[in-house]
There are 2 protein chains.
Amino acid sequence: MVTLSEVAKRAHVTAATVSNVLRNREKVRPETAERVLKAIADLGYRPNLNARALAEGRSSTLALMLSNISNPFYPEFVLAAERAARKAGYFLMVCNTDDDAEIGRAYLNQIAGTLADGVLVMNTDIAINDLCASATHSAPILLAMWEHPETPPELPCIAVDFARAGELAAQHLLELGHREVGLLIGDGCGGLQDARSNGFRATMRAAGVEADTAAVLQIRDSIDAGYAACMQLMAVRPFVTAIFATNDLLAIGAAQALITLGRAVPDDVSVIGITDIQLAHQVHPALTTVAIQTAEIAELSIESLIRLIQAPERQPSMVIGPPPQLVVRASTGPCRRR
Amino acid sequence: MVTLSEVAKRAHVTAATVSNVLRNREKVRPETAERVLKAIADLGYRPNLNARALAEGRSSTLALMLSNISNPFYPEFVLAAERAARKAGYFLMVCNTDDDAEIGRAYLNQIAGTLADGVLVMNTDIAINDLCASATHSAPILLAMWEHPETPPELPCIAVDFARAGELAAQHLLELGHREVGLLIGDGCGGLQDARSNGFRATMRAAGVEADTAAVLQIRDSIDAGYAACMQLMAVRPFVTAIFATNDLLAIGAAQALITLGRAVPDDVSVIGITDIQLAHQVHPALTTVAIQTAEIAELSIESLIRLIQAPERQPSMVIGPPPQLVVRASTGPCRRR
DNA sequence: GTGAAAGCGCTAACAC
DNA sequence: GTGTTAGCGCTTTCAC
């Protein structure tokens with residue numbers, strides 16, 4: 001490995017000068033700089049980022065902790081987060097906790113403050129308390145996609161108004177004339193998706209439609225689970241004219257179940273989800289959903305985290321993310337019943 | 001930040017002893033060790049991994065470079081790779097090159113040999129030559145999923161017999177009696193999927209079925225593209241009884257297109273893909289495909305890379321991955337024509 | 001067993 | 001402008 005001092009030697013200067021060339025070139029006389037740059041090129045010098053991190057006291061790396069990257073929502077978030085981080089001069093380290101709080105805690109302890117200058121946490125496999133404890137004696141931790149704007153957590157967060165997303169979904173179904181609706185509620189780690197279903201139900205109730213408890217299923221987040229749950233739902237409540245799922249995976253699974261059952265979507269039954277993952281528009285019929293603007297949230301999260309690193313004090317403890325937006329596609333239509 | 005020497009001071013020993021305790025050298029007297037451990041706990045000490053990396057000359061981090069994590073294949077690979085890395089005591093840094101060779105090269109230059117002890121490259125946005133150049137003066141680089149076992153690259157690689165995967169797909173369709181088949185060939189970065197289609201065509205040809213060139217479409221890797229291409233294909237060659245796609249995304253898109261066109265899958269047209277991504281079994285009808293054993297390949301890649309780091313010499317330059325396997329599901333059936 | 005000391009490659013005062 | 005110097009936090013000989 002070629003080091004700074006080897007470059008220095010070859011350019012007949014000292015390490016300090018080489019370092020100066022590498023960062024603030026103003027201090028260095030052009031001809032010296034040129035000699036140094038030539039030495040760098042000749043030797044194929046590449047700075048050792050660990051040494052730099054140690055000396056600077058910062059690693060220029062951000063960590064993103066998420067439970068399981070195989071949920072298609074995460075890759076989309078990761079992609080946007082990585083771009084934002086790169087643009088700001090940071091690396092992004094993706095830490096999969098594999099749905100295991102123990103692994104999450106281990107990662108946090110090892111990484112925060114050493115390998116990473118700040119940590120973005122996507123969900124709470126890890127108890128908030130643990131996160132707080134870690135945050136106090138190491139690097140800033142930011143919760144991305146906090147679901148409850150009305151009750152800020154102990155940690156700084158990006159809040160997303162998921163209740164509003166539920167409302168929008170409900171309004172859309174109500175406008176289409178649906179009154180008998182099935183609900184598929186994803187678990188998303190510790191009842192995370194309550195806000196969505198509560199927002200939905202509150203809006204329905206305001207319109208005089210009470211949720212039929214037998215038509216409310218609480219399930220794991222996946223297409224499979226959505227499919228199975230929808231099958232079960234249609235067996236018990238064959239007369240629902242619409243299905244609301246708290247996320248797109250469930251909704252996609254549900255739509256497929258309906259088609260398998262010979263129920264046309266949306267002619268017989270409408271389906272609506274929340275999130276607007278890529279799959280939502282690639283599936284047929286394309287899914288109507290409430291977009292939460294994943295990429296924007298990812299960027300906002302990264303930017304907020306960086307601000308938090310640079311000026312830990314005087315940062316808002318909660319940043320409100322972009323408002324959810326209804327995206328009407330082909331899976332919802334007017335209620336044909338009666 | 002609590003440092004080693006603070007711990008040492010509190011335990012009335014020196015940094016060397018604390019370090020010995022941390023790496024359970026047997027040198028330390030139990031009572032001393034206990035005192036040290038107590039000090040560590042009291043102070044909440046956590047080692048600075050950058051300092052350790054600098055001192056040890058290794059970072060215990062592996063990098064995984066891929067073009068775009070939003071292709072659902074990658075998250076599955078990442079998940080398995082991350083598990084394998086963690087099990088071996090390494091962190092995994094996921095580097096999204098965003099389909100941009102420039103970004104890829106920049107990552108490689110910055111990371112290889114400093115932040116990462118070794119690099120796994122998933123595709124060749126970056127020219128093999130660049131990779132070789134980088135490999136020689138920094139950390140080992142391993143190509144995961146090399147598609148051409150018959151022509152080993154300059155770099156160590158995990159080879160996957162994709163031609164065989166194509167063969168298996170062809171055999172399956174032939175056995176079902178299909179003779180008029182459409183081909184959807186994904187681009188996967190620089191004609192990466194040629195081996196698959198060549199294997200497929202060779203097998204078909206051996207059975208006396210020549211590819212109808214109008215029924216061969218070369219397209220981008222995505223559900224959307226598969227959908228569009230299939231639409232186009234069916235317009236030109238409405239009589240095909242089966243469609244082979246070089247990857248599952250295309251196949252899934254194709255199946256949806258067929259359903260949209262009112263062609264039953266598999267009763268009117270069979271569809272088969274390659275890879276066996278998770279989506280393949282979650283979609284309805286579930287996709288028949290040739291599994292390449294993504295998780296196994298990921299593990300193998302990580303293990304090989306680690307071996308390469310530990311003993312750069314005398315490692316096989318090409319490791320053959322697990323053989324592809326046909327997975328029959330619901331999207332293929334006997335040819336009904338005539 | 002434990003400590004002293006050197007050094008990993010870099011940055012950042014501060015002299016000159 | 002450039003060099004000198006002193007670390008960053010840790011590991012690792014090598015004395016004792």
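Not measured: the values here are computed from a predicted model. Heavy-atom basis, side chains included; hydrogens, waters and symmetry copies ignored. A note on names: the letters A, B, ... follow the listed sequences, proteins ahead of strands, and every chain is numbered from 1.
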### Task
Nearest whole angstrom, please: distance from the C1' of D:dG7 to the CG of B:Asn48.
14 Å
## Note on the structure
Atom NZ of B:Lys27 and atom C1' of D:dA15 are separated, to the nearest Å, by 12 Å
### Interatomic distance, A:Met1 CE vs C:dG7 P [rounded to whole Å]
19 Å
### Task
Would you indicate which nucleotide in D:dC10, C:dT2, C:dA4 comes nearest to any side-chain atom of B:Ala16?
C:dA4
### Query
Can you check the A:Arg58 CZ to C:dC10 P distance for me, whole Å?
16 Å
### Task
Between C:dG1, C:dC10, D:dG3, spot the one nearest the side chain of A:Ala51, thanks.
C:dC10
### Task
Determine: side-chain N/O of A:Thr17 to OP1/OP2 of D:dG3, distance under 4.0 Å, yes or no.
yes
### Task
Hey, can you tell me if B:Phe77 and B:Phe73 have their rings parallel, tilted or perpendicular (30° and 60° cut-offs)?
tilted
### Task
Rounded to the nearest angstrom, tell me the gap between atom CG in A:Leu22 and atom P in C:dG9.
16 Å
### Message
Applying a 4.0 Å non-hydrogen cut-off, can you work out what A:Thr3 is touching in the nucleic acid: base, sugar-phosphate, or nothing?
### Response
sugar-phosphate
#### Entry: Of the listed nucleotides D:dG3, D:dC10, D:dT12, the one nearest the side chain of B:Leu4
D:dC10
### Query
Is it true that A:Arg35 and A:Glu31 have a side-chain N and a carboxylate O under 4.0 angstrom from each other?
no
### Message
Can you tell me which residue among A:Glu102, A:Met65, A:Met93 is in a side-chain contact (heavy atoms from CB on, under 4.5 Å) with A:Tyr107?
### Response
A:Met65
### Task
Look at all strands and tell whether B:Ser19 reaches a base, only sugar-phosphate, or nothing, counting heavy atoms closer than 4.0 Å.
base
### Query
In whole angstrom, what separates B:Arg23's CZ from D:dG9's C1'?
13 Å
### Task
Would you mind reading off the distance between B:Leu54 atom CG and D:dT12 atom P, rounded to a whole angstrom?
12 Å
### Query
Hey, is the side chain of A:Arg29 poking within less than 4.0 Å of OP1 or OP2 on D:dT2, counting only N and O atoms?
yes
### Task
Answer with yes or no whether the side chains of A:Asp117 and A:Ser59 bring together a donor and an acceptor at under 3.5 Å.
yes
### Message
Taking the minimum atom-to-atom distance to the side chain of B:Glu56, which one of D:dT12, D:dG7, D:dT2 wins?
### Response
D:dT12
### Task
Starting from P on C:dG9, measure out to CD on A:Glu6 and report it in whole angstrom.
8 Å
### Task
Could you check which of C:dT2, D:dC8, D:dT11 has an atom nearest any side-chain atom of B:Ala15?
D:dT11
### Message
So that I can tick it off, tell me whether B:Glu82 and B:Lys87 are bridged by a salt bridge, with the cut-off set at under 4.0 angstrom between side-chain N and carboxylate O.
### Response
no
